[in-house]
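What follows is a single structure, written as structure tokens, with notes after it.
Both backbone and side-chain heavy atoms feed into the values below; hydrogens, waters and symmetry mates do not. Just so you know, ligand 1 is whichever comes first in the structure, and atom 1 is the first atom listed for that ligand.
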Amino acid sequence: MGRALHLLSEEPESFEAFADLLKRAGGCVAIDGGLATQLEQHGADIKDPLWSALCLITSPDLIRKVHKEYLEAGAEVLVTASYQATLQGFEARGLTQAEGEALLQKSVTIACEERDRFWDQYIDCLRLGLAESGMYRRALIAASIGSYGAFLADGSEYSGDYGPDMTKTKLKDFHRRRLSVLADAGADLLAFETIPCKLEAQAFVEILEEEDIQIPSWLVFNSKDGLNVVNGDSFDECIALAANSKKVVAVGINCTPPRFIDGMIRAARKVTSKPIVVYPNSGECYDGIKKEWITCTGMGEKHFISHVAEWRESGANLIGGCCRTTPITIKAISKVLHDQALPTSSPSQVPTLQKSEKSCSDQTLRLNFVPLSPSPELH
Ligand SMILES: C[S+](C)CC[C@H](N)C(=O)O
Ligand SMILES: N[C@@H](CCS)C(=O)O
Ligand SMILES: [Zn+2]
């Protein structure tokens, strides 16, 4: 790799955890995959205006299960279930402001608890010699903030068409309180996801400044042509705008077909030295009215994985998956990144105890601590 990453040394302490994770990973970190996708794999019915956020009300344990699956697969950043969780959306469901805020906080608490539980168990297993040092790093929690289009619940985040009356002020009014609640909920960073237009990115970075948000953020955009974000605004301009904010530690692309990713990483790298985050979808198309995925140019997990080394080489610093990707995808990404890790990547420093001192607290976890290869079957 050898390329210089943006130095975060003068940023607040809360920014250091992100820089430290990147450093310890040798410059490229595995993040998680599709959350809603995996909830559906487990039988959740999220054909609802709240989409995956419905599970915060109906099945929080399923969210826990999915977070755990991604941790086991090697994800070093978990994105919370708050993508389509908005105060306005909860209000439309009959919830009070306080109840809505509690659900936002719950999305972060669930992810933090699963991260802590998984990490404690890994440390136990390491001490007992039941897991290999360096297999996992303590994950960071990124509180998801979907776009206004996500709230509209009709797939508008793939068009960015908010109508002629939309303004930056309206977008800021829509997002401000939710953003503050999530920023204070205990997450390590904010993940602004599937941003379809420059106006909304501008609204986000202005709120970050105006509210003096103390945890770092990443902003990721989606595209249908590999050149522009989905509403037609210049991708390069969106990346430059986001990267220009001191509150933003990474920029990139999500929920975009894999075939566009390499070119977009290269384009982003020309306008910023900040870390680049990519988490493509499978390449399938979404019908926002039926809330169903349609196979069109999907490439399958095997093909997706064949691009990971190239994305890293082109400048990606965090790589994961978005819609229609699963823990199988993330396990394979993690293996590629571990295999390619630079020598500077340091293993976890864990004191060694005798086997008799403690028993591994989770036998299931113990069974999962096998080396990251061989990977499960990819399609
Ligand atoms: C990224 S899309 C698949 C999210 C779901 C969409 N906002 C909907 O409600 O249908
Ligand atoms: N974090 C969300 C993104 C949807 S585009 C999810 O994985 O479901
Ligand atoms: Zn997605």
I'd like to know if the side chain of [X] and the backbone of [Y] have a donor-acceptor N/O pair within less than 3.5 Å.
{"X": "R64", "Y": "E113", "answer": "no"}
{"X": "K274", "Y": "A243", "answer": "yes"}
{"X": "S334", "Y": "I330", "answer": "no"}

Side chain, backbone, both or neither: which part of W51 has a heavy atom under 4.0 Å from ligand 2? side chain
Heavy atom under 4.0 Å from ligand 2: found in C323's side chain, backbone, both, or neither? side chain
Residues Q97 and E91: side-chain donor-acceptor under 3.5 angstrom: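 Absent: no donor and acceptor within the cut-off.
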Does the side chain of T169 pick up a donor-acceptor pair with the side chain of T167 at under 3.5 Å? no
Do any N/O atoms on L35 end up under 3.5 angstrom from N/O atoms on ligand 2? yes
Are any of the N/O atoms in T194 less than 3.5 Å from those in ligand 2?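 No, since none of the N or O atoms of T194 sits under 3.5 Å from an N or O of ligand 2.
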I need the nearest protein heavy-atom contact for atom 1 (N) of ligand 2: residue, atom name and distance, please. E193 OE1, 2.9 Å
The protein heavy atom nearest to atom 8 (O) of ligand 2 is A36 N, 3.1 Å
Out of all atoms in ligand 2, which are within 4.0 Å of some heavy atom of [X]? Include the element for each.
{"X": "G34", "result": "7 (O)"}
{"X": "C322", "result": "3 (C), 4 (C), 5 (S)"}
{"X": "C255", "result": "5 (S)"}

Determine the interplanar angle of the Y122 and W119 rings, folded into 0 to 90°, and report it as parallel if under 30°, tilted if 30 to 60°, perpendicular if over 60°. tilted
Aromatic rings F192 and F204: how do their planes relate, parallel, tilted or perpendicular, breaks at 30° and 60°?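 Answer is tilted, since the angle falls between 30° and 60°.
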When you compare the side chain of [Y] with that of [X], does any pair of heavy atoms fall below 4.5 Å?
{"X": "V251", "Y": "W218", "value": "no"}
{"X": "L56", "Y": "L104", "value": "no"}
{"X": "D262", "Y": "W311", "value": "yes"}

Please determine whether a side-chain nitrogen of the Lys or Arg among [X] and [Y] lies less than 4.0 Å from a carboxylate oxygen of the Asp or Glu.
{"X": "D48", "Y": "K291", "answer": "no"}
{"X": "E200", "Y": "K168", "answer": "no"}
{"X": "E209", "Y": "K246", "answer": "no"}

Among N281, N222, I253, V229, which one satisfies side-chain contact (heavy atoms from CB on, under 4.5 Å) with T194? N222
Residue contacts for ligand 1, heavy atom to ligand atom, distance under 4.0 Å: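 Within the 4.0 Å shell of ligand 1, which is judged on heavy atoms, sit W51, Y83, Q84, A150, A153, E157, Y158, Y286, G288, K291, W293.
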Could you please give the number of protein N/O/S atoms within less than 2.8 Å of the Zn ion (ligand 3)?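 Atoms of protein N, O or S type lying less than 2.8 Å from the Zn ion (ligand 3) total 3.
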